[in-house]
Amino acid sequence: MAQTPTPPSGPARVRSERVLATPDELRDRLRQLGRAPAEAADPRLATVREIVARHALQRGGLLPALHDVQDALGFVPAEVVGEIALGFNLSRAEVHGVISYYHHFRSEPAGRHVLEVCRAEACQAMGAEALWQHACEGLGLPEAGGTRPDGSMTLQPVYCLGLCAQSPAAMLDGRPHARLSPERLDRVIGACMATEVTA
């Protein structure tokens with residue numbers, strides 16, 4: 001007749017109450033999974049984590065966080081998208097979708113100066129498309145805009161600067177310019193580039 005094994009007695013029966021990791025430690029370990037050592041040591045991640053922590057509990061906090069990341073780093077690098085997604089409990093694809101949807105956000109570094117030409121309906125009705133084409137030609141850029149090879153200026157579209165009654169409008173380095181003609185735009189760009197030469 002087979003004997004029924006008896007459960008172990010003594011210390012082997014004592015269930016360990018030791019916690020293997022706290023929730024914060026688990027979160028930190030999950031953040032490191034699949035991350036290359038160089039990425040884990042990226043100094044930009046500390047800045048991004050601080051920004052995300054400020055906005056993560058805020059309703060609709062992703063957009064303000066992305067604005068703050070771009071203000072701090074000059075653009076939203078692909079390498080930090082995962083960190084942003086993790087902080088907002090989103091997928092990388094969801095965060096990338098927001099970045100690519102809004103023309104304001106850049107995934108590449110901008111030039112030393114940023115010219116944003118409004119291409120919304122009110123400005124279009126007042127000649128913004130011709131102004132855009134003139135800016136592209138004058139800066140030696142393709143029709144899609146972009147950054148000059150010397151890194152001096154980035155030209156990008158924007159969809160409403162709130163200057164609809166003073167169309168067409170543009171913004172250069174955060175300063176708005178209204179009722180622009182191609183000649184006036186040339187003067188604005190020329191004055192900016194003159195400071196570039198003398199600096």
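All residue numbers refer to positions in the sequence shown, counting from 1.
- Applying the side-chain hydrogen bond (donor to acceptor under 3.5 Å, both in side chains) test to every pair with at least one member in residues 53-66, sequence neighbours left out, gives these pairs: E50-R54, R54-D68, H55-Q58, H55-D68.
- With sequence neighbours left out, A130 forms a side chain to side chain contact (heavy atoms under 4.5 Å, CB included) with no residue at all.
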**Request:** Walk me through it: do V52 and V69 pass the test side-chain contact (heavy atoms from CB on, under 4.5 Å)?
**Result:** CA-CA 9 Å; V52 168; V69 168; 5.6 Å; no
Kindly list each side-chain donor-acceptor pair under 3.5 angstrom involving residues 116-127, sequence neighbours excluded, with atom names and distances?
residue, atom, partner, partner atom, Å
E116, OE2, Q156, NE2, 3.2
R119, NE, E129, OE2, 3.2
R119, NH2, E129, OE1, 2.7
Q124, NE2, R119, O, 2.6

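- Residues I51 and F75 do not share a hydrophobic cluster, clusters being chains of Ile/Leu/Val/Met/Phe/Trp/Tyr side chains in contact below 4.5 Å.
- Residue pairs meeting the ring-ring contact (aromatic ring centres under 6.0 Å, His included) criterion with at least one member in residues 115-162, sequence neighbours excluded: H103-Y159.
- Nearest heavy-atom pair, V81 versus R92, reported as atom, atom and distance to 0.1 Å: CG1-O, 3.8 Å.
- Take N89 and apply the side chain to side chain contact (heavy atoms under 4.5 Å, CB included) test, not counting sequence neighbours, and it matches no residue.
- The list of salt bridge (Lys or Arg N to Asp or Glu O under 4.0 Å) pairs with a residue in residues 157-169, not counting sequence neighbours, is empty.
- Connection of L66 to Y101 is established within a shared hydrophobic cluster, with ILVMFWY side chains joined at heavy-atom distances below 4.5 Å, either directly or through further cluster members.
- The other residues sharing a hydrophobic cluster with L161 are V158, L163, M171, where clustering joins ILVMFWY side chains under 4.5 Å apart.
- Contacts of H67 classified as ring-ring contact (aromatic ring centres under 6.0 Å, His included), with partners at least two apart in sequence or in another chain: H104, F105.
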In a table with atom names and distances, give each donor-acceptor pair under 3.5 Å that connects a side chain of residues 93-100 to protein atoms at least two apart or in another chain.
residue, atom, partner, partner atom, Å
E94, OE1, S91, N, 2.7
E94, OE1, S91, OG, 3.3
S100, OG, H96, O, 3.0
S100, OG, G97, O, 3.2

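- Contacts classified as side-chain hydrogen bond (donor to acceptor under 3.5 Å, both in side chains) and involving residues 136-148 (residues at least two apart or in different chains) are given here: T147-T154.
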**Message:** Go through it in stages, so that I can follow the logic: the residues are M153 and L172, the test is side-chain contact (heavy atoms from CB on, under 4.5 Å), and I'd like the CA-CA distance, side-chain angles, deciding distance and then a yes or no.
**Reply:** CA-CA 10 Å; M153 187 168 290; L172 179 59; 4.0 Å; yes
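- Put simply, L185 and V114 are part of two different groups of oily side chains (I, L, V, M, F, W, Y) that touch within less than 4.5 Å, one to the next.
- Scanning for side chain to side chain contact (heavy atoms under 4.5 Å, CB included) contacts around R184 gives R179, L180, S181, R187, with sequence neighbours left out.
- Contact of the P182 side chain with the L131 side chain is registered, since non-hydrogen atoms from C-beta on lie closer than 4.5 Å.
- By the side chain to side chain donor-acceptor pair (under 3.5 Å) test, E108 pairs with no residue at all, sequence neighbours left out.
- The two atoms that bring A72 and T47 nearest to each other are CB-CG2, 3.9 Å, heavy atoms only.
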